[in-house]
Amino acid sequence: MRDLPYDTDDLICALATPWSASALAVIRTSGKGSVEAVSRFFSRPKALLEATGNTVHHGNLQTSTGIVLDEVVITVFRAPASSTGQETAEISCHGSLPGLRRILGTLTEGGFRPANPGEFTLRAFLNGKLDLTRAEAVQEVVMAKTERAQALALDRLSGSICQRINTAKSKILDLVALMNIQLDYAEDDVATVKIPFETLDEVERELKVLSASYRTGKIYQEGVKVALAGQTNAGKSSLFNLFLKEDRSIVSDEHGTTRDWLEAWVSLEGVPVRLIDTAGLRETSNKVEQEGIRRSREMIDGCDVLLYLVDGVQGIDKNDRDFLVGHAEDARLIVVHTKADLVPIRAAQWLWVSATTGVGFSQLEAALKQKVPGMGEGSAGTAVIDSLRQKQLLDRAIGALEQVRQGVQLSVPLDMIALDLKDALDALGEITGEVTTTDVLDRMFSSFCVGK
Ligand SMILES: Nc1nc2c(ncn2[C@@H]2O[C@H](COP(=O)(O)OP(=O)(O)O)[C@@H](O)[C@H]2O)c(=O)[nH]1
Ligand SMILES: [Mg+2]
């Protein structure tokens with residue numbers, strides 16, 4: 001157990017499933033004596049008290065005065081073989097909101113306190129069940145927006161990042177050992193440091209690959225914001241619906257139908273894309289539409305990729321030209337000519353798409369992918385980091401190793417070089433949580449869901 005000021009033995013409980021009516025719900029508890037505390041509200045207390053770990057018990061949950069609250073199934077885990085490392089009774093009950101409130105209320109009367117966000121995972125970390133990269137992955141798995149993002153997070157949960165960090169650490173430790181031997185002899189001899197540069201290179205290269213993977217990780221985590229812009233009737237809402245494969249946005253030949261922006265998440269080869277349909281850009285005296293256009297412009301300014309749609313039947317007119325000239329230097333811009341099905345002869349320099357027939361859609365997807373560096377990278381099995389905290393620490397370790405290299409080349413005193421090696425080790429230790437502070441933990445776990 002780490003030496004940190006957390007009360008990890010008191011009894012906590014929380015709903016681990018969403019606060020909404022559902023067939024079933026799960027209430028987690030954890031803490032020394034939790035099984036005993038739950039047994040006081042169970043119709044078969046003896047069964048729970050005598051239960052060995054990893055066993056399931058059916059019965060009623062009831063108040064201390066014997067009023068039945070729900071028919072439940074309770075899974076008992078005994079320390080240390082549970083996810084938190086502590087004794088745990090997990091209650092599967094019916095997902096009725098009033099019922100859940102009564103059960104949680106009863107547990108609170110029985111000595112449990114509501115868990116803080118991420119408190120179960122914090123306990124797992126403090127009890128040595130998870131390192132910090134895996135603790136972070138717990139939340140990343142829960143929040144993943146696409147199947148690919150979930151697979152990558154699952155990979156981290158299984159310890160892929162932690163393993164790599166530990167491999168790098170052991171190589172640096174070898175270097176430290178070598179340095180120490182040389183330090184011991186340094187007084188008798190003139191200090192010329194011999195450090196195997198190959199090992200240094202190897203470790204640096206591995207850490208750099210991990211650090212660079214953050215770009216991909218961030219895309220999977222946050223998604224890419226893609227805005228559809230263009231004049232009224234250019235076909236934005238139709239293309240929006242084609243991306244979604246459903247009729248979400250109202251399509252009409254009446255100008256100015258979409259007066260506000262709409263958004264939806266779609267998956268583009270596993271990358272979460274936040275797609276935004278905007279109000280058509282035009283001069284209008286309608287106050288509501290003006291406000292919609294103002295908001296749409298904000299979305300256009302803040303997006304990662306800007307799809308500007310030109311009505312393919314009409315071609316580029318003066319308004320389109322003004323917009324395109326204004327965005328001539330905008331690297332986010334992709335110009336799309338729409339309604340390809342209505343245009344038999346199509347100028348080859350443009351990207352043509354038909355929302356009606358789907359013609360050109362795969363070319364549009366390819367163009368989108370090109371605009372987003374890191375998109376399409378990262379398959380299950382490649383370690384991809386998703387945490388800015390981890391990236392910053394990796395960069396600190398890389399910087400320290402760089403110092404080591406320069407130090408050796410400039411014949412800096414051995415103990416200075418040893419300090420840089422130690423700094424690299426400390427940075428890597430912080431990634432996995434071997435070295436940590438309450439500050440870091442509080443910040444990390446406060447962003448978790450309650451019940452995790
Ligand atoms: N034939 C054809 N008509 C389209 C296509 N895309 C949009 N339209 C029509 O163009 C009109 C305007 O489309 P809409 O998506 O509402 O445009 P928005 O104002 O830019 O959102 C509607 O009548 C659509 O049916 C297309 O690819 N082919
Ligand atoms: Mg529209």
Side-chain angles (χ1 to χ4, degrees), residues 224-268 273-327 330 332-369 371:
V224 184
K225 201 157 138 192
V226 176
L228 292 162
Q231 298 192 67
T232 53
N233 267 12
K236 299 177 293 298
S237 297
S238 303
L239 194 60
F240 181 80
N241 291 340
L242 181 67
F243 268 106
L244 262 64
K245 301 181 181 69
E246 63 174 286
D247 277 347
R248 250 296 286 287
S249 190
I250 301 172
V251 169
S252 160
D253 55 5
E254 193 174 307
H255 286 259
T257 314
T258 313
R259 291 186 171 184
D260 200 349
W261 56 272
L262 273 179
E263 66 168 355
W265 285 96
V266 294
S267 165
L268 193 61
V273 170
R274 185 177 163 203
L275 192 67
I276 296 154
D277 184 17
T278 64
L281 304 173
R282 66 165 179 175
E283 293 299 325
T284 173
S285 54
N286 183 304
K287 284 268 179 340
V288 178
E289 196 179 346
Q290 277 175 358
E291 176 58 18
I293 292 173
R294 190 193 64 75
R295 292 183 192 188
S296 294
R297 285 197 190 276
E298 270 177 17
M299 297 313 289
I300 291 169
D301 289 342
C303 69
D304 301 311
V305 181
L306 175 57
L307 296 182
Y308 186 83
L309 273 53
V310 174
D311 185 326
V313 176
Q314 312 278 333
I316 294 178
D317 69 7
K318 182 180 176 307
N319 290 332
D320 293 323
R321 197 167 300 120
D322 289 348
F323 185 94
L324 294 175
V325 168
H327 286 83
D330 194 336
R332 305 168 306 159
L333 183 70
I334 299 175
V335 181
V336 181
H337 277 57
T338 59
K339 310 184 189 179
D341 55 298
L342 298 179
V343 185
I345 300 165
R346 307 190 279 262
Q349 79 265 35
W350 300 116
L351 181 64
W352 288 86
V353 174
S354 162
T356 310
T357 63
V359 159
F361 191 66
S362 53
Q363 283 92 325
L364 173 58
E365 283 187 321
L368 259 174
K369 272 198 291 185
K371 285 285 175 201

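The residues of the chain are indexed from 1 along the displayed sequence. Both counts, for ligands and for their atoms, begin at 1 and track the order of listing.
The shortest N or O to N or O distance between Gly235 and ligand 1 is below 3.5 Å. Below 3.5 Å of separation, one finds no N or O of Val251 facing any N or O of ligand 1. Polar contact check, Asp277 against ligand 1: no nitrogen or oxygen pair lies under 3.5 Å apart.
From the protein, the heavy atom lying nearest to atom 4 (C) of ligand 1 is Lys339 CG, 3.8 Å. Counting only heavy atoms of the protein, atom 27 (O) of ligand 1 lies nearest to Ala355 N, 2.7 Å.
Closest heavy-atom approach to atom 12 (C) of ligand 1 among the candidates Ala234, Ser238, Ser252: Ser252.
The closest approach between any non-hydrogen atom of Gly280 and ligand 1 is not below 4.0 Å. Under a 4.0 angstrom heavy-atom cut-off, Asn233 registers as being in contact with ligand 1. Using 4.0 Å as the threshold, Gly230 has no heavy atom nearer than that to any atom of ligand 1.
The shortest side-chain heavy-atom distance between Asp304 and Arg332 does not fall under the 4.5 Å cut-off. In this structure the side chain of Lys225 never reaches within 4.5 angstrom of the side chain of Glu263, judged on heavy atoms. Using a 4.5 Å heavy-atom threshold, the side chains of Tyr308 and Gln231 count as touching. Taking 4.5 Å as the limit, every side-chain heavy atom of Thr232 sits out of range of all side-chain heavy atoms of Thr284.
Contacts of Leu342 with ligand 1, taken as heavy-atom pairs under 4.0 Å, involve the side chain alone. Neither the backbone nor the side chain of Ser249 comes within 4.0 Å of ligand 1, counting heavy atoms alone.
Ser237 lies close to the Mg ion (ligand 2), since one of its N, O or S atoms is found at a distance under 2.8 Å.
Heavy-atom contacts of Asp341 reach the following atoms of ligand 1: 1 (N), 2 (C), 26 (C), 27 (O), 28 (N) (cutoff under 4.0 Å). Numbered from 1 in the order shown, with element, the atoms of ligand 1 that lie under 4.0 Å from a heavy atom of Thr356 read 1 (N), 2 (C), 3 (N), 5 (C), 26 (C), 27 (O), 28 (N). Interface atoms of ligand 1 facing Ser237, defined by a heavy-atom separation under 4.0 Å, are 15 (O), 18 (P), 21 (O). Taking every non-hydrogen atom of Asp253 and a distance limit under 4.0 Å, the qualifying atoms of ligand 1 come out as 22 (C), 23 (O).
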The test is side chain to side chain contact (heavy atoms under 4.5 Å, CB included); show your working for His337 and Arg346 and say whether it passes.
CA-CA 9 Å; His337 277 57; Arg346 307 190 279 262; over 6 Å; no
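Note: Arg282 CZ to Gln290 CD = 11.0 Å, rounded to the nearest 0.5 Å.
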